[in-house]
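Note sheet for the following structure.
The structure displayed is predicted, hence computed values, not measured ones.
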Amino acid sequence: MKIGIMGGSFDPVHNGHIGLAEDAVTMAGMDEVIMIPAGIQPFKQDRRTESGEDRFRMLALVAGQNDHITVSRNELDCEGVSYTYLTMRRIQEMNSKARLYFICGTDSFLKIDTWKNADELLTSYSYIVGCDRPGYRHKELMEAIDRITRKYGTDIITINNRQFDVSSTEIRERIAEGRSIAHLVPPAVERYIRENELYRL
């Protein structure tokens, strides 16, 4: 069984996140993609996020509409900083016979060998890298893949996932300004944000 792991703040989850998860299933052959909202992210400790519970519930609304997508509380229910290597260890322990693929975009992958316990991450797990912008840092990405593959023997799949011109930052700004986000997030997520008055200043 092949399981894709997709972590992040998901603050809020948007069409770009969902598109990458769905494309990992259709383009990279994942049997399941587990979306994991972060607890305390090592690189974002200075930024306020909505509660883990709200971020989890929005992801659960998305997962409820796709048979191949699930959501996990793995990081929310653990104390301390949400380091990726610890999350991957826990998921692997719960799915001992599965092959785990960490799903990320080009920018994240290019920094991955600077992450905590990078050696463990790159020798123990496989990767799906979304190339959502044609030609974006392509040469740099190919060089990084070649270097990492030679050094660690890492299995890396690249996919030309669908393009969505959207970011969580933009969504938060639009909500604060009273503008619509209906075209940026699924209807159920938009409704949840409105009913719970999230991202209001």
Handout entry: Reference residue Leu20; test side-chain contact (heavy atoms from CB on, under 4.5 Å); the match among Arg162, Met35, Met27, Met6
Key = Met6

Practice task
Identify the residue among Ile148, Ile112, Ile145, Thr158 that makes a side-chain contact (heavy atoms from CB on, under 4.5 Å) with Tyr127.
Solution key: Ile112

Do [X] and [Y] have side-chain N/O donor and acceptor atoms under 3.5 Å apart?
X	Y	value
Asp11	Tyr199	yes
Ser126	Arg99	yes
Tyr192	Asp54	yes
Asp119	Tyr152	yes

So, the side chain of [X] versus the backbone of [Y]: is there a donor-acceptor pair under 3.5 Å, distance only?
X	Y	answer
Gln92	Ala98	yes
Asn95	Ile91	yes
Ser82	Gly39	yes

Problem - Ring centers of His17, Phe10 separated by less than 6.0 Å - result: yes

Handout entry: Within 6.0 angstrom of Glu195 CD, more than 12 heavy atoms from elsewhere
Key = yes

Exercise for the section: List for me each residue that meets side-chain hydrogen bond (donor to acceptor under 3.5 Å, both in side chains) alongside Arg89, sequence neighbours excluded, and say none if there are none. Expected result: Glu120

So, for [X] and [Y], which heavy atoms are closest and what is the spacing to 0.1 Å?
X	Y	answer
Thr154	Leu122	OG1-O, 2.6 Å
Pro12	Arg172	CD-CG, 4.3 Å
Ala188	Gln65	CB-NE2, 3.9 Å
Val62	Pro186	CG2-CG, 4.2 Å
Ile128	Ile159	CG2-CD1, 3.9 Å
Arg55	Pro37	NH1-CB, 4.0 Å

Test item: [X] and [Y] side chains (from C-beta on) under 4.5 Å apart, heavy atoms:
X	Y	value
Trp115	Leu121	yes
Leu184	Glu170	yes
Thr70	Val33	no

Spacing of [X] atom [atom1] and [Y] atom [atom2] [to the nearest 0.5 Å]:
X	Y	atom1	atom2	result
Ser51	Leu198	OG	CG	7.5 Å
Ile3	Ile34	CD1	CD1	5.0 Å
Ile103	Asn161	CD1	CG	10.0 Å
Thr84	Ile5	OG1	CD1	11.0 Å
Ser180	Arg194	OG	CZ	10.0 Å
Ile36	Arg90	CD1	CZ	8.5 Å

Exercise for the section: Decide side chain to side chain contact (heavy atoms under 4.5 Å, CB included) for Arg200 and Ile175; before the verdict, give the C-alpha distance in whole Å, the side-chain angles of both, and the deciding distance to 0.1 Å. Expected result: CA-CA 7 Å; Arg200 306 286 182 185; Ile175 294 170; 4.2 Å; yes

Practice task
Go through the steps for Phe164 and His14 under the test side chain to side chain contact (heavy atoms under 4.5 Å, CB included), then give the verdict.
Solution key: CA-CA 9 Å; Phe164 294 88; His14 56 61; 6.0 Å; no

Exercise for the section: Take Met30 and His68 through the test side chain to side chain contact (heavy atoms under 4.5 Å, CB included) and record every step on the way to the result. Expected result: CA-CA 8 Å; Met30 295 299 102; His68 295 284; over 6 Å; no

Handout entry: Ion pair check, Lys151 and Asp113, cut-off under 4.0 Å
Key = no

Problem - Cationic N near anionic O, under 4.0 Å, Arg57 to Glu53 - result: yes

Practice task
Give the intermediate values and the outcome of side chain to side chain contact (heavy atoms under 4.5 Å, CB included) for residues Met58 and Ile193.
Solution key: CA-CA 8 Å; Met58 287 187 280; Ile193 290 172; 3.7 Å; yes

Exercise for the section: Please report the C-alpha distance between Lys111 and Asp107 in whole Å, then the side-chain angles of each, then the deciding distance to 0.1 Å, and finally whether the salt bridge (Lys or Arg N to Asp or Glu O under 4.0 Å) criterion is met. Expected result: CA-CA 7 Å; Lys111 299 173 184 175; Asp107 288 338; over 6 Å; no

